[in-house]
Structure formats: C-alpha cells, structure tokens
Amino acid sequence: MSSTKTPVRVRFAPSPTGHLHVGGIRSALFNWLWARHNDGKFILRLEDTDRKRLVEGAADQIYASHDALGITPDEGPVQGGPYGPYIQSERLEIYARYATQLLESGALYPCWCTPERLDGLRQEAQKAGTAFKYDRYCLKPGNQLAEAEPHVLRFRIPEVPESIGWDDAVRGRLDFKLADLDDFVAIKADNFPTYHFANVVDDHLMKISHVLRADEWLPSTPKHLLLFQAFDWEPPTYAHLPAVLGPGGGKKLSKRDGAQSVQEYLDEGYLPEALRSFLASLGWNDGTTQEVYTTPELIGRFTLDRVQKSPAKFDKERLTWMNGLLIRQMPLDELLERSRAFLPPEAKHYDAQYLKAVLRLVQERLKFLSELPELTEFFFADPASAEPHEWLPQIIAALEPSDFTEADLETRLRALTTELDTKPGLLFGLIRHAVTGRTAAPGLFETLHVLGHGTTLRRLRNNQF
RNA sequence: GGUCCCAUCGUCUAGCGGUUAGGACGCUGCCCUCUCACGGCGGUAACAGGGGUUCGAAUCCCCUUGGGACUACCA
C-alpha cells in the first residue's frame with residue numbers, strides 16, 4: 001500500500017441536503033485521521049450540484065459539526081485554500097471547460113433523449129430481465145437535434161479494455177467489466193455536472209491523493225476511473241469504507257431510521273472525544289484490545305489496512321458507556337467548565353466551589369451531560385415536601401448540633417440508628433427522601449455535607465406539621 | 001432482475017494455518033454498600049452451511065445460504 005504517497009490530501013465531500021448524520025461524520029473522521037496521520041491536508045468540499053435537493057442551512061450545519069467534533073478542515077468553503085472554490089456550484093466554468101475537452105475528444109457526446117423515453121427503455125429492460133443500458137440512440141447518424149435543444153452530455157463507455165479495476169486500500173483488487181457499464185450522464189441539461197464528473201475533475205484539480213468514502217460508491221468507481229483515463233490523469237488511491245448501519249435493521253444508516261445528527265449527540269452531552277473514539281471503532285481497530293483511544297492515539301495508529309471490510313452497526317449503548325467512562329476520568333475543573341451549559345438554571349446562583357462539590361458527587365453517575373438537571377436539581381432547589389414522619393423531630397434534634405462534616409454526620413446518624421433501634425437503610429432512606437425528594441441519590445453524608453446545615457434543617461422542617 | 005460487496009458472541013471487535021476462539025458493550029450472579037452509581041470477581045453468548053487444499057483450518061479456494069450497496073439529468 002502506497003500510504004506514503006506524499007503529500008497526502010484527502011477530502012470529505014458531503015452534499016448539503018440535510019443533517020450530517022453519524023455515518024457521514026464517520027467518513028469525515030477517517031479522512032481527517034488519515035490526513036493527520038500523514039501530516040497531510042483534510043479538505044471539505046461541498047457537492048451541491050443537485051439543485052432540487054438543496055436544504056437551506058445544511059452547509060452551515062456541516063461546518064458546525066466539523067468544528068464541534070474538532071475535525072475542522074484545513075481547506076474548505078470556510079477556510080478557503082489554494083484550490084478553491086470548494087463549493088461545486090461555484091466551479092461551473094471549470095466543469096464546462098473540461099466537458100468541452102472531452103466532448104472534442106469524443107469521450108462525451110450529447111444526448112437529447114427525454115426522461116419519458118429513458119423510462120420506457122428502463123421498463124423494457126426490467127421486463128426483459130436485463131440490466132438497463134442507454135441504447136446510444138443519439139449517437140446514431142441522423143438522430144442529433146439542434147445544439148440549442150436541451151440535452152445532456154453522456155460519457156461513452158469505451159469498448160476496450162475489457163475491464164477496469166483498481167487496488168482498493170481496504171478491499172483489495174477489484175475489477176469490473178466495461179460491458180456492464182452504462183453511458184452515464186456527465187453534464188445535466190441544466191449545465192450542472194453530475195457527481196461523477198464533478199468529483200473526478202475536483203479530485204484531480206485539488207490534488208487529492210486518497211479517496212476515503214463510503215462503500216456505496218464502490219460500483220461507480222469504474223466510471224470515475226474511466227473519466228480519469230479519458231483525461232489522461234492519474235487517479236487517486238481509493239479506500240472504500242464499510243457502511244455504518246442503523247441500530248434497527250441491517251439497513252444503511254440514514255435519517256429516516258433514527259440516525260441522529262452529530263449536533264443532536266452534542267446537544268445530549270456526548271463528548272467530542274467520546275464520539276471520536278467511538279466512531280473510529282466503527283470499522284477500524286488497531287489490533288489490540290484497547291477499547292478507548294485518545295485522539296493523538298487515533299492519529300498515531302490509524303492506517304488503512306486496519307479498516308474493516310464488513311459493515312458496523314451503530315450501538316448507542318456502547319457510545320453511552322464510553323462517554324460515561326470519559327466523564328468519570330475527567331478532572332473536576334474541566335467537568336465544571338464543560339457542564340456549565342447543562343446545569344439547571346438555578347445553578348447560576350451558586351459559586352464554583354459549590355458546583356464542584358455537587359459535580360464531584362454526580363460525576364460517577366453521569367453518562368451524558370444532559371442528565372445533569374435531573375441528577376443535581378435538589379442541590380439547587382428545595383424538593384416538594386414529603387409526608388411527615390414520626391422520627392423527624394429526633395432526626396432534627398440529632399442533626400441540629402452537627403458541624404456537618406461528613407464524619408460528624410455519619411457518627412450522629414449511626415448513633416441515631418441505634419437509638420431508634422432501626423436499620424441504616426430505613427433511617428437513611430427516610431432522610432434522603434425528605435431532604436432530596438429522591439429515593440436514589442449520592443451517598444447521604446456527602447449529600448448532606450454539600451447541602452449544609454441550613455438547607456438540610458430547613459428541608460427537614462418542611463416535612464413536619 | 002442485473003452488477004458488485006460482505007460474513008467470528010445480540011452489538012463493536014481480536015484472530016491473518018496449530019488458541020481451552022481473546023477483549024469490550026449489553027444482560028446477569030456474587031462482593032462492596034444507607035439508596036443509586038462506581039469498582040472488584042464470576043457467568044451467559046460466536047467462527048452461517050457444505051465441499052475441497054493441508055498432517056492440521058475461524059483463518060486459503062469453490063459452491064450454497066444470508067445480509068447489504070448500486071442499478072437517476074441524487075449524491
């Protein structure tokens with residue numbers, strides 16, 4: 001594998017047709033990792049040649065997702081670069097120029113066939129049980145219309161060689177027979193290029209060294225290779241990445257089967273580093289039993305020959321576990337900073353010292369940051385008062401003189417357990433519910449210590465008559 | 001239908017001719033324990049099937065089966 005081909009320049013080329021889901025960002029991440037691994041460049045290119053499917057704001061979402069994940073492109077629509085513009089709709093003259101070149105060489109030819117006629121042909125092929133291939137009607141003498149009439153430019157699949165193939169960096173040798181290929185459209189009637197054409201021209205002009213893309217592109221790679229050949233350009237190294245499947249079925253991950261956008265995961269409080277490590281494990285591993293990787297580790301170890309051939313399902317439970325693990329390992333100061341946007345609104349009335357004391361208690365219980373309000377609410381606001389209990393006066397009497405250190409709290413409450421001749425589970429559970437409104441919360445002594453004398457006693461009294 | 005790709009526990013995966021088929025998530029038993037978590041120690045669970053090649057196949061080849069992608073003037 002010529003992974004040392006320098007300089008390494010890779011691109012992620014999404015079309016702005018909706019949210020960038022986790023499968024898409026996985027491709028972006030692999031490209032980014034390969035670029036970083038080789039001290040190369042990661043390029044973002046917007047493939048907006050389908051005017052009908054454009055979604056407003058989608059491009060900005062794509063940029064934002066990259067930034068939020070920490071995989072900002074080196075070159076792209078936002079940062080610019082020496083091979084711009086990086087938005088295909090702004091490169092129309094370039095495509096037109098190269099289309100003309102192929103038109104003159106005979107690799108491309110005009111076709112005036114209507115969608116209706118083509119549909120008919122497809123139906124016939126369907127009925128006959130054969131693959132549809134354009135019948136080259138417009139190539140036959142006498143069938144040409146005026147240049148001014150709406151037409152597309154088709155690529156003429158050559159008769160030789162018999163087959164075309166490439167050494168895929170993850171799949172190995174792949175060959176396709178030219179006879180099975182259709183004269184695909186390179187330039188549409190609206191003068192926009194199709195993916196195939198724009199993609200090849202841009203990859204060449206932008207000096208892309210490796211194309212890492214989802215394997216749904218595998219069947220169209222021969223077309224791209226043929227285009228490179230027609231231009232007499234050297235194609236990049238291709239590496240087709242395994243699909244990311246939705247949790248539900250064996251289908252390709254897509255918006256409709258619950259695939260969430262990157263932004264949604266971030267909004268739920270999944271950490272960028274967790275997402276990076278998890279996403280990297282979808283279709284890649286370094287051959288060891290290590291489960292979680294720091295980003296520098298990922299960069300250092302990411303190689304194409306360790307990329308999986310078979311598809312991977314997106315297992316959110318595993319992501320959640322990884323996220324919780326990373327939260328637990330996080331220094332408290334950092335956790336505080338990253339929690340700010342998730343803490344309940346009342347938290348803003350408390351100082352950093354108090355917030356850290358609270359976070360220290362919930363840190364090991366946190367799986368993702370948006371759980372924070374639910375987990376910490378009672379540290380900032382009194383819960384609804386519970387049913388009064390006969391032990392309450394004695395509890396208050398025992399706690400009133402306490403200095404509220406954890407040790408003192410424990411001593412007094414254990415003594416009270418003996419005094420009342422009851423089990424810790426019963427007494428502590430009662431106090432916990434009275435003070436926090438919960439049956440499940442951090443350790444009682446720690447909780448009361450953080451809450452302090454005033455708050456604790458006030459809440460206990462609220463439960464009395 | 002046609003072309004192509006893929007195939008180890010439910011899931012992510014290790015394995016690249018000789019292993020009691022390993023790790024992790026999940027589920028689960030025990031321990032810790034004031035609840036919930038965390039943590040520790042166990043358990044559950046896989047080479048899709050059939051032919052070859054070989055002294056020996058999860059590993060190599062073929063077939064079958066299953067899954068998937070593509071088959072647009074979408075990417």
Side-chain angles (χ1 to χ4, degrees), chain A residues 13-17 47-50 52-53 111 113-115 118-119 122 125-133 150-154 168 171 174-177 179-182 184-196 198-199 213-222 240 242-243 245 247 249-252 278 281-292 308-322 324-325 328 361-367 375 410 413-414 417 423-433 436 438-445 447:
Chain A
S15 60
T17 54
E47 310 227 325
D48 59 344
T49 55
D50 185 354
K52 294 182 285 292
R53 295 203 313 156
C111 171
C113 289
T114 62
L118 295 171
D119 281 347
R122 276 192 196 91
Q126 184 73 254
K127 240 181 290 174
T130 58
F132 167 78
K133 280 176 62 180
H151 63 280
V152 302
L153 259 27
R154 284 182 184 275
D168 196 277
R171 302 305 175 101
L174 260 15
D175 282 285
F176 288 77
K177 285 193 278 297
D180 294 327
L181 267 30
D182 180 41
F184 63 91
V185 173
I187 303 289
K188 304 182 236 183
D190 63 2
N191 278 319
F192 273 75
T194 59
Y195 169 83
H196 305 300
N199 169 69
R213 53 158 47 153
D215 67 1
E216 65 198 72
W217 294 108
L218 215 149
S220 51
T221 305
H240 287 91
L245 307 178
K251 293 287 185 203
K252 185 175 73 165
F278 175 73
S281 78
L282 256 35
W284 175 85
N285 72 80
D286 69 349
T288 72
T289 58
Q290 185 167 342
E291 305 288 347
V292 185
Q308 207 80 8
K309 287 194 185 77
S310 48
K313 281 200 179 77
F314 187 93
D315 182 6
K316 192 175 177 180
E317 301 241 46
R318 193 173 159 82
L319 201 216
T320 301
W321 160 76
M322 207 175 276
L325 183 73
R328 268 171 258 139
L361 298 191
V362 299
Q363 184 168 24
E364 68 186 21
R365 294 164 174 79
L366 258 185
K367 301 252 189 264
L375 254 32
E410 174 156 14
L413 290 177
R414 291 211 186 276
T417 303
K423 299 271 189 211
L426 238 55
L427 178 63
F428 295 178
L430 175 71
I431 299 173
R432 169 175 293 109
H433 190 252
T436 69
R438 310 293 169 101
T439 54
L444 186 62
F445 316 128
T447 301

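Chain A is the first sequence line, chain B the second, and so forth, proteins listed ahead of strands; every chain is numbered from 1.
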**Message:** Categorize A:K316 for me: base, sugar-phosphate, or nothing, with a 4.0 angstrom heavy-atom threshold over every strand shown.
**Reply:** nothing
**Message:** Taking any heavy-atom pair under 4.0 Å as a contact, classify A:L282: base, sugar-phosphate, or nothing.
**Reply:** sugar-phosphate
Show me the protein contacts with nucleotides 39-41 of chain B, counting only N or O atoms at under 3.5 Å.
{"unit_1": "B:G39", "atom_1": "OP1", "unit_2": "A:R328", "atom_2": "NH1", "d": "3.1"}

**Complete:** Closest of B:C74, B:C34, B:A14 to the A:D50 side chain is B:C74
**Prompt:** Base, sugar-phosphate alone, or nothing: which one does A:G429 contact when heavy atoms must sit under 4.0 Å apart?
**Reply:** nothing
**Item:** Check: A:W217 ring centroid to A:Y195 ring centroid under 6.0 Å
**Value:** yes
**Prompt:** Quick one: A:R365 CZ to B:C36 P, roughly how many Å, whole number?
**Reply:** 10 Å
**Message:** Mind checking if A:A189 touches a base, just sugar-phosphate, or nothing, with heavy atoms under 4.0 Å?
**Reply:** base
**Message:** Over all strands shown, is A:K127 touching base, sugar-phosphate only, or nothing at heavy-atom distances under 4.0 angstrom?
**Reply:** nothing
**Residues that A:R318 engages under side chain to side chain donor-acceptor pair (under 3.5 Å), provided they are two or more places apart** = A:E291
**Message:** What's A:Q290 touching, base or sugar-phosphate or nothing? Going by heavy atoms closer than 4.0 Å.
**Reply:** nothing
**Item:** Set of side chain to side chain donor-acceptor pair (under 3.5 Å) partners for A:S310, sequence neighbours left out
**Value:** none
**Request:** Examine the base of B:A75 for any acceptor or donor lying under 3.5 Å from a partner atom in the side chain of A:R53, and report the outcome as yes or no.
**Result:** no
**Message:** Looking at B:U13, I'd like to know if its phosphate oxygens (OP1 or OP2) sit under 4.0 Å from a side-chain N or O belonging to A:N285.
**Reply:** no
**Request:** Taking only the side-chain heavy atoms of A:S310 (C-beta and beyond), determine which of B:A14, B:A7, B:G10 contains the nearest atom.
**Result:** B:A7
**Request:** For A:P442, answer base if it contacts any base atom (sugar-phosphate contacts may also be present), sugar-phosphate if it contacts only those atoms, and nothing otherwise; contact means non-hydrogen atoms under 4.0 Å.
**Result:** base
**Request:** Go ahead and name the base partner of B:C27; Watson-Crick or wobble counts if both distances stay under 3.5 Å, otherwise write none.
**Result:** B:G43
**Request:** Scan A:T49 against the nucleic acid and name what it touches under 4.0 Å (heavy atoms): base, sugar-phosphate only, or nothing.
**Result:** sugar-phosphate
**Prompt:** Once you round it to whole Å, what is the distance between P of B:C12 and CZ of A:F314?
**Reply:** 12 Å
**Item:** A:R171: partners by salt bridge (Lys or Arg N to Asp or Glu O under 4.0 Å), with sequence neighbours left out
**Value:** A:D215
**Request:** Using a 4.0 Å heavy-atom cut-off across all strands, classify A:S15 as base, sugar-phosphate, or nothing.
**Result:** sugar-phosphate
Polar atom pairs (N or O), protein with nucleotides 1-5 of chain B, under 3.5 Å:
{"unit_1": "B:G1", "atom_1": "O2'", "unit_2": "A:G129", "atom_2": "O", "d": "2.6"}
{"unit_1": "B:C5", "atom_1": "O3'", "unit_2": "A:R171", "atom_2": "NH1", "d": "3.4"}
{"unit_1": "B:C5", "atom_1": "O2'", "unit_2": "A:R171", "atom_2": "NH1", "d": "2.2"}

**Item:** Length of the line joining A:R432:CZ and B:A37:P, which is rounded to integer Å
**Value:** 12 Å
Pairwise N/O distances under 3.5 Å, protein to nucleotides 46-48 of chain B:
none

**Request:** Determine the contact category for A:V185: base if any of its heavy atoms lies under 4.0 Å from a base atom, sugar-phosphate if only primed atoms, P, OP1 or OP2 are that close, otherwise nothing.
**Result:** sugar-phosphate
**Request:** Check whether any side-chain nitrogen or oxygen of A:K313 sits under 4.0 Å from OP1 or OP2 of B:A7, and answer yes or no.
**Result:** no
**Message:** Taking pairing as Watson-Crick or G-U wobble with both contacts under 3.5 Å, can you name the mate of B:A48, or confirm there isn't one?
**Reply:** B:U64
**Residue matched to B:A57 through Watson-Crick or wobble contacts both under 3.5 angstrom** = none
**Request:** Would you indicate what A:G443 reaches in the nucleic acid, counting non-hydrogen atoms under 4.0 angstrom: base, sugar-phosphate, or nothing?
**Result:** base
**Message:** Using the side-chain heavy atoms of A:T289, tell me which of these nucleotides is nearest: B:A75, B:U13, B:G22.
**Reply:** B:G22
**Item:** A:W321 side-chain proximity, nearest of B:C25, B:C73, B:C12
**Value:** B:C25
**Request:** Identify which nucleotide among B:A37, B:C73, B:C6 has an atom closest to any side-chain atom of A:E364, counting heavy atoms from C-beta outward.
**Result:** B:A37
